[in-house]
Protein chains: 4
Amino acid sequence: MIQIVTGDARPIFKQIVDGIRMQVITGKLPVGSKLPSVRGLSMQLTVNTNTVAKAYTELLSHGLVESRKGLGLFVIKPKQILNEQEREDRLETAVDTLINETIGLDFNNDEIMHMVQSKLVQLYDKKTK
Amino acid sequence: MIQIVTGDARPIFKQIVDGIRMQVITGKLPVGSKLPSVRGLSMQLTVNTNTVAKAYTELLSHGLVESRKGLGLFVIKPKQILNEQEREDRLETAVDTLINETIGLDFNNDEIMHMVQSKLVQLYDKKTK
Amino acid sequence: MIQIVTGDARPIFKQIVDGIRMQVITGKLPVGSKLPSVRGLSMQLTVNTNTVAKAYTELLSHGLVESRKGLGLFVIKPKQILNEQEREDRLETAVDTLINETIGLDFNNDEIMHMVQSKLVQLYDKKTK
Amino acid sequence: MIQIVTGDARPIFKQIVDGIRMQVITGKLPVGSKLPSVRGLSMQLTVNTNTVAKAYTELLSHGLVESRKGLGLFVIKPKQILNEQEREDRLETAVDTLINETIGLDFNNDEIMHMVQSKLVQLYDKKTK
DNA sequence: GTGGTCTAGACCACG
DNA sequence: GTGGTCTAGACCACT
């Protein structure tokens, strides 16, 4: 179940993207499964259909799902589309963001490392369950 | 020296905020030191003065600097404003974001951990240099 | 100047994307130049601002332009983002489309090759002029 | 054998149309031969009968096949419907599309020419086999 | 003034 | 019923 938080820094469509991605990561939406329909999800979240459609467009362009005309969107096996340099850059940027967000909260390195480790393991557990 | 990146996802004022915070953390701007003037920094970075002013306003509201009338902005000893729960939540959210961003890039846990470790060490080095 | 054709098989936003791309290819929009504003272009083409915005979003995700907040969109030097396999696949798909479109028009191989060659040379000429 | 690709940009009915056209061009479906029945093909491809019916309607309107009542659809000798100008225009448009699609992929002219040549030769081989 | 987000509501192509 | 496109009009963040 995706939670839309109005006070969130992220726009609604991004929250939906992240929510779907998280469900894919945790295995709630396995490869081959169908995403909720645009209209269905928009009603459930009480947001406009265009907003959901925009989120879905982003998922499409990220290669996480594919569109089967008249049927809906389906989770696909992630293809490696980006080159090595680009992949590395994106990871680096994401880590920079993490550090920037946590810096000033006065965590030491071990605490941060521990949280990352713990989250990664949690995901792995959910996935293989 | 703060680097403004035009293609960055962050708005310019946020890049300035982050840049100043980083200089405080790494000790380049120790407690008690004076921030560059709004006009001076805006010329140096070739950005609008409003943009720098907005960044400084944010630093003030974050309690990282204080204004001494007629003199400028000065770095102050950070007070611990957030409670434990809030700190923990922010770290958790930041880590969730990291993991969400790296999904579909098909990195394994070790690669992510390694990048985080490496970035943290880099930061530590800068600080003690 | 971009031409919007209502009877075209392509949706309007795609015609805009193609039009901008063509202007980049032919050098009418060199690297570093600013795209027309969303509102300006939408008025000029008499289409909705959202339609232009959608086209611009696509150009952004294709890495052809970057957004400078509050200033507009600017053409950037194309980064090689895709891996070799993906690049090759896309070229192959594009050529398949060409052949599929021209087949049944009873052109022989030489005529097709000649048209491709001629178009490519034209572009090269415009670019270096 | 027609291949239906779920992730294809083309709708399924178009894939069927293209598939049939290709079989006619390569001689697998010579003039006078009978197309598979709507129901038979729909079962074979596991697609909706409406979808196959739509594809067949398109083939009829393109003048590639004719309907013999109670017997089915038969491949007929293609009449040249388009005039010279129209043919030339279509080829030109198709080539423009090819070039537009490959922009940003940073291929040089030779690479594009080579791919076109290679695809055309492949087709020729199939035809004469 | 610039792009980015969101809503409401309509229409179309596809299966 | 499914997604995809388009319009009209509003509001926000950034420079």
Side-chain angles (χ1 to χ4, degrees), chain A residues 4 6 8-16 34-42 45-60 65-74, chain B residues 4 6 8-16 42 45-55 58, chain C residues 4 6 8-16 34-42 45-60 65-74, chain D residues 4 6 8-16 42 45-55 58:
Chain A
I4 299 301
T6 55
D8 200 301
R10 292 171 300 167
I12 297 176
F13 86 91
K14 190 62 166 48
Q15 294 185 44
I16 296 174
K34 185 181 171 306
L35 260 52
S37 81
V38 168
R39 287 166 181 79
L41 188 56
S42 71
L45 304 177
T46 57
V47 299
N48 191 278
T49 53
N50 290 331
T51 307
V52 177
K54 185 170 185 176
Y56 280 14
T57 300
E58 186 142 323
L59 290 168
L60 270 170
V65 301
E66 76 177 17
S67 168
R68 298 187 194 154
K69 304 265 173 79
L71 296 177
L73 295 187
F74 295 81
Chain B
I4 300 301
T6 57
D8 201 299
R10 293 172 299 168
I12 294 177
F13 88 88
K14 188 66 163 52
Q15 293 186 44
I16 296 174
S42 71
L45 303 178
T46 58
V47 299
N48 196 299
T49 52
N50 294 333
T51 307
V52 176
K54 182 161 190 179
E58 188 139 322
Chain C
I4 299 302
T6 54
D8 200 300
R10 292 171 301 166
I12 296 176
F13 86 91
K14 190 63 166 45
Q15 294 185 44
I16 297 174
K34 185 180 171 306
L35 259 53
S37 81
V38 169
R39 289 166 181 81
L41 189 56
S42 71
L45 303 178
T46 57
V47 299
N48 192 278
T49 53
N50 290 331
T51 307
V52 176
K54 184 169 186 177
Y56 281 13
T57 301
E58 186 141 323
L59 290 167
L60 270 170
V65 301
E66 75 176 18
S67 168
R68 298 187 194 153
K69 304 265 174 78
L71 296 177
L73 295 188
F74 294 81
Chain D
I4 301 300
T6 57
D8 201 299
R10 292 170 300 167
I12 294 177
F13 87 89
K14 189 67 164 51
Q15 293 187 44
I16 296 173
S42 71
L45 303 177
T46 58
V47 300
N48 197 299
T49 53
N50 295 332
T51 309
V52 176
K54 182 162 188 176
E58 187 137 323

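A note on names: the letters A, B, ... follow the listed sequences, proteins ahead of strands, and every chain is numbered from 1.
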When every nucleotide of nucleotides 5-15 of chain E is labelled 5' to 3' by its protein contacts under 4.0 Å (heavy atoms), B for base, S for sugar-phosphate only, - for none, what sequence of letters results? BBBBB----BS
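Every residue two or more places apart in sequence or in another chain that forms a side-chain contact (heavy atoms from CB on, under 4.5 Å) with Ile12(C) is listed here: Ile4(C), Ile16(C), Val47(C), Thr51(C). For Asp8(C), the side-chain contact (heavy atoms from CB on, under 4.5 Å) partners are Val5(C), Arg10(C), Gln15(C), not counting sequence neighbours. The side chain to side chain donor-acceptor pair (under 3.5 Å) check on Thr6(D) picks up Glu66(A), with sequence neighbours excluded. Listed by chain and residue number, Asp18(D) satisfy the side chain to side chain donor-acceptor pair (under 3.5 Å) test with Lys14(D) (two or more places apart in sequence, or in another chain).
Stems are defined here as 3 or more consecutive Watson-Crick or G-U wobble pairs with pairing distances under 3.5 Å; those involving DNA chain F are E:1-14 with F:1-14.
To the nearest 0.5 Å, atom CZ of residue Phe13(C) and atom CG of residue Leu59(C) are 10.5 Å apart. With rounding to the nearest 0.5 Å, the separation of OG1 in Thr57(A) from CD in Glu58(C) is 9.5 Å. Rounding to the nearest 0.5 angstrom, the gap separating the CZ atom in Phe74(C) from the CZ atom in Arg68(C) is 5.0 Å.
Closest of all the heavy-atom pairs between Ser42(D) and Thr49(D) is OG-CG2, 3.2 Å.
Put simply, Ser37(C) has a side-chain N or O that comes within less than 4.0 Å of OP1 or OP2 on dT2(E).
One can place NZ of Lys34(C) at 7 Å from C1' of dT2(E), the figure rounded to the nearest angstrom. The distance between atom CG of Asp8(B) and atom C1' of dC14(F), rounded to the nearest whole Å, is 14 Å. Distance, Leu60(A) CG to dT2(F) P: 16 Å, rounded to whole Å. Rounded to whole Å, the distance from CG on Leu59(C) to P on dG4(E) is 11 Å.
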